[in-house]
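Below: one structure, written as structure tokens.
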2 protein chains.
Amino acid sequence: MEGKSVAGRIHEAIHRLTAAEKRAARGLLGSYPTLGLAPVAEFAQQAGASSATVLRFVSQLGYKSYPDFQRALREELEERSKSPLQRSHSAAAQERGDSNFLDRFVTQEVDNLRSSAALIPASEFEAVCARLAENKGSCYLAGGRFTDFLAGYMEAHLRLIRQGVRRLDGRPATRADQLIDVRAGDLAIIFDVRRYDASLLDVATELTARRAQIVLITDEWMSPVARFAKLVLPCRTEMGRTWDANGSLFTLVEAVIARTTELSWPTASKRMGSIEGK
Amino acid sequence: MEGKSVAGRIHEAIHRLTAAEKRAARGLLGSYPTLGLAPVAEFAQQAGASSATVLRFVSQLGYKSYPDFQRALREELEERSKSPLQRSHSAAAQERGDSNFLDRFVTQEVDNLRSSAALIPASEFEAVCARLAENKGSCYLAGGRFTDFLAGYMEAHLRLIRQGVRRLDGRPATRADQLIDVRAGDLAIIFDVRRYDASLLDVATELTARRAQIVLITDEWMSPVARFAKLVLPCRTEMGRTWDANGSLFTLVEAVIARTTELSWPTASKRMGSIEGK
DNA sequence: CTAAGTATGAAACTACTGATACAGAAGTTA
DNA sequence: TAACTTCTGTATCAGTAGTTTCATACTTAG
């Protein structure tokens, strides 16, 4: 429906409301927006009115049905939790104006890191590292326009730890060649953040056809590659409204490398020794 | 039935979930808790699974019905909005002391980021960005074994903002060729962390001879290139005793890019438009 | 004080949501 | 490869939530 917030509509319409309807409004504002997400009967009881009154109240706000009203509440909630994260410190710092650009940037990045750590199930993270440490089969890496450098960075480190690390480079033509050798059970790590790269989806399709297992490292909006992925590690990337930052992906990569090194230390240490030697 | 947060249950149960159920889990974590407050059909569609799978998923979490699950979500939401700051995941995890590898890693990285921001004088940071935003002369980038990917990442972004961005690739032989065109007043951004790269020192020497201005991005132990640098941005990289992490460098790079974009918006926006167009 | 109009909740209705059963797909093992 | 297990989506059903109706209580005006 229109671009007005639900709370805004209540304040606008509250004068038109009847006594019982006002109780409903008060109740909703009192525990906003949770009460509105409950079934009508519960809303009614909590607000001290009947179901019918609540329905009339919702109708007065301009929603054509109760589900419609709930949808608006959910969208509002979603909006709020996605955009300018944590008004607490970053906003406070901006108000004081005593912090410079770098401080503000770092503060936001810290939020992203924390959220990312919370977003990623420990078991998924461990599964990825364990799989890498197994040191079986090949491990392919691919990324999009900017994330390709993350793939490169990860590749450079993985090469020290295990064998069979291959990079899928950006040009679709050569990619096809590189995919020929993919065997069932091989591992593929794909980086994809929005705007998502169509060619990566193709690569993922092909990899799946060849029965490779895909690990996807993506942002909170979840690349379409997720459909094909056995394991997904989603990171928070949003900064303010104009900018997405990949710092959380980078840190995740380093964490994976660190953990994998730890897990495969006996093997990896020999390997690293021989590489360093030359 | 009570006492556990829904997100907590997901992390607990995720290992015994099937592939499609995991999609549901990820979907919910991705837009938490809103998606769970929607009707099953919508949840299912958004998560890329069927209604039945979503039902099985919530059943796996230990809820005896979908409405029951939604009630839990609402109560959690209510709880969170009442307490001042959300202490939901990170705080609780730290209290329990059961934090996993990723959490610990992220915590250390956060320390590094904060220290880095403190270590870098605002004036130096601003000077670098301003110099980049001037958009005069050429800008060369070079890095060492691993940091070369940071140089590449920065190059890819800088190209969108300004003209004359060049990358000095890793092979000493070709580097010499690329340095021929360097002119007085050109800018060079060098990444160097320990163990410091001897060839970068050579490059820096040559650049200085040609009167280019060097910006050095390095770690807390300070690359020897610092001798030749006009501006130095040192970052904290130390993690525990065995491992150095470059995440702080990466975030610094992104901060520089963001700030430079901001400073040169009138010029940069046109440029970006024309690049996106093709 | 009475009558017209409005507000309200109880109860009936219907539509849609959540639950279930089943069949086919996918994956696993021998 | 074939048999078997497990997973997953479709189709169906049952129950509940949202909606509507209507009789009653309350206001307000005449």
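Chain A is the first sequence line, chain B the second, and so forth, proteins listed ahead of strands; every chain is numbered from 1.
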Worksheet item: Roughly how many Å is it from CD in B:E42 to P in C:dG18, rounded to a whole number?
Response: 10 Å
Worksheet item: Rounded to whole angstroms, how far apart are NZ on A:K64 and C1' on C:dC16?
Response: 14 Å
Response to the item:
Ranking B:S51 and B:R16 by the position along DNA chain D of their nearest nucleotide, the one closer to 5' is B:R16
Practice prompt. Side chain of A:S50 only, please: which of C:dG9, D:dG18, C:dT17 is the nearest?
Written response: C:dG9
Discussion item. Between A:E124 and B:R26, does any side-chain N to carboxylate O distance fall below 4.0 Å?
Written reply: yes
Worksheet item: Given atom CZ of B:F43 and atom P of C:dG18, what is their separation to the nearest angstrom?
Response: 11 Å
Worksheet, complete the sentence: Among the nucleotides C:dT20, C:dA19, C:dA7, whichever has the atom closest to the side chain of A:T18 is C:dA7
Discussion item. Is there, by distance only and without an angle test, a donor paired with an acceptor across the side chain of A:R211 and the base of C:dG27 below 3.5 Å?
Written reply: no
Item to complete: Run the salt-bridge test on A:D219 and A:R236 with the 4.0 Å N-O cut-off and return the result as yes or no.
Response: no
Worksheet item: Among the nucleotides C:dG9, D:dT8, D:dG18, which one has an atom lying closest to any side-chain atom of A:R23?
Response: C:dG9
Worksheet item: Which class fits the ring pair A:Y66 and A:F43: parallel under 30°, tilted 30 to 60°, perpendicular over 60°?
Response: tilted
Worksheet, complete the sentence: B:V40 has its side chain closest, among C:dG18, D:dG18, C:dT8, to C:dG18
Discussion item. Check this for me, if you would: do A:E78 and A:R74 make a salt bridge, where the nitrogen-to-carboxylate-oxygen distance has to be below 4.0 angstrom?
Written reply: no
Worksheet entry | Protein-nucleotide distance (B:D68, atom CG; D:dG15, atom P), rounded to Å | 19 Å
Practice prompt. Tell me what A:A20 touches on the nucleic acid: a base, only sugar-phosphate, or nothing, going by heavy atoms under 4.0 Å.
Written response: sugar-phosphate
Item to complete: Round to a whole Å and report the spacing from CD of B:Q60 to P of D:dT8.
Response: 11 Å
Worksheet item: According to a strict under-4.0 Å criterion, is B:T53 in side-chain N/O contact with OP1 or OP2 of D:dG9?
Response: yes
Discussion item. Whole angstroms only, please: what is the CG-P distance between A:L17 and C:dA7?
Written reply: 11 Å
Discussion item. With nearest nucleotide decided by heavy atoms, which residue, B:A38 or B:R56, maps closer to the 5′ end of DNA chain C?
Written reply: B:A38
Worksheet item: Rounding to a whole Å, what distance do you find between A:Q70:CD and C:dT17:C1'?
Response: 12 Å
Practice prompt. Have a look at B:S65 and say if it touches a base, only the backbone sugar-phosphate, or nothing, with a 4.0 Å heavy-atom cut-off.
Written response: sugar-phosphate
Item to complete: With the side chain of A:P67 defined as its heavy atoms from C-beta on, choose the nearest nucleotide among C:dA19, C:dT20, D:dT19.
Response: D:dT19
Practice prompt. Round to a whole Å and report the spacing from CZ of A:F57 to C1' of D:dG18.
Written response: 16 Å
Discussion item. Quick check: do A:L216 and A:L231 have side-chain heavy atoms less than 4.5 Å from each other?
Written reply: no
